[in-house]
Amino acid sequence: QVQLVESGGGLVQAGGSLRLSCAASGRTFSTYYAGWFRQAPGKEREAVAHISWTGGKTYYPDSVKGRFTISRDNAKNTVYLQMNSLNPEDTAVYYCAAGSGLYIGSRADDYLYWGQGTQVTVSS
């Protein structure tokens with residue numbers, strides 16, 4: 001069982017940056033791959049970043065590639081999402097998630113555990 005708690009969301013102007021954190025409970029967090037997803041009002045939940053168990057592999061969709069960076073510190077049981085060059089289209093609730101298996105999940109269905117979400121609002 002893994003519990004996830006996100007923090008770091010807020011209001012930022014276009015072009016600004018935010019760093020989200022996701023604190024995980026449980027001593028076996030390093031055995032889970034992790035990801036960040038977001039959901040804007042009226043839209044489906046979409047993936048914005050995934051990271052492997054040790055942090056050696058990361059994946060991003062084209063919409064955030066070059067602007068967002070996912071990282072993890074297994075000693076602190078924490079996953080981070082550094083978001084730069086934010087624009088109003090990035091406004092959404094951001095969720096941290098963790099999953100297990102042989103391959104890093106890319107879809108929401110691949111993830112077992114979810115945080116409660118943190119709101120990110122980018123003003124123009």
Short question: side chain of [X], backbone of [Y] - any donor-acceptor pair under 3.5 Å?
| X | Y | value |
| --- | --- | --- |
| Asp110 | Ala98 | no |
| Ser25 | Gln3 | yes |
| Ser30 | Thr28 | no |
| Thr118 | Gly9 | yes |

Where [X] and [Y] come nearest, the two heavy atoms and their spacing:
| X | Y | answer |
| --- | --- | --- |
| Thr91 | Ala40 | O-CB, 3.6 Å |
| Ser106 | Ala47 | O-CB, 3.8 Å |
| Thr78 | Ser21 | CG2-CB, 4.4 Å |
| Ala49 | Leu81 | CB-CD1, 4.0 Å |
| Trp36 | Val79 | NE1-CG1, 3.5 Å |
| Ile104 | Tyr33 | CA-CD2, 3.8 Å |

> From Asp90 CG over to Thr121 OG1, what is the distance, rounded to the nearest 0.5 angstrom?
Replying inline: 11.0 Å

> Roughly how far apart are Ser52 OG and Arg72 CZ, rounded to 0.5 Å?
Replying inline: 7.0 Å

Please confirm whether [X] makes a cation-pi placement over [Y], using NZ or CZ under 6.0 Å from the six-membered ring centre and within 45° of the ring normal.
| X | Y | value |
| --- | --- | --- |
| Arg19 | Tyr80 | yes |
| Arg67 | Tyr60 | no |
| Arg45 | Trp114 | yes |

Decide yes or no for [X] and [Y]: does some side-chain heavy atom of the first lie under 4.5 Å from some side-chain heavy atom of the second?
| X | Y | answer |
| --- | --- | --- |
| Val12 | Ser17 | no |
| Gln82 | Phe68 | no |
| Gln39 | Tyr94 | no |
| Arg38 | Ser63 | yes |
| Ser100 | Leu112 | yes |
| Val120 | Met83 | yes |

>> Run the salt bridge (charged side-chain N to carboxylate O under 4.0 Å, His left out) test against Asp62 and tell me which residues pass, sequence neighbours left out.
In response: Lys65

>> Parallel, tilted or perpendicular, judged at 30° and 60°: which one describes the rings of Tyr111 and His50?
In response: parallel

>> When you group the ILVMFWY residues by side-chain heavy-atom contacts below 4.5 Å and let the links chain together, are Leu20 and Val122 in the same group?
In response: yes

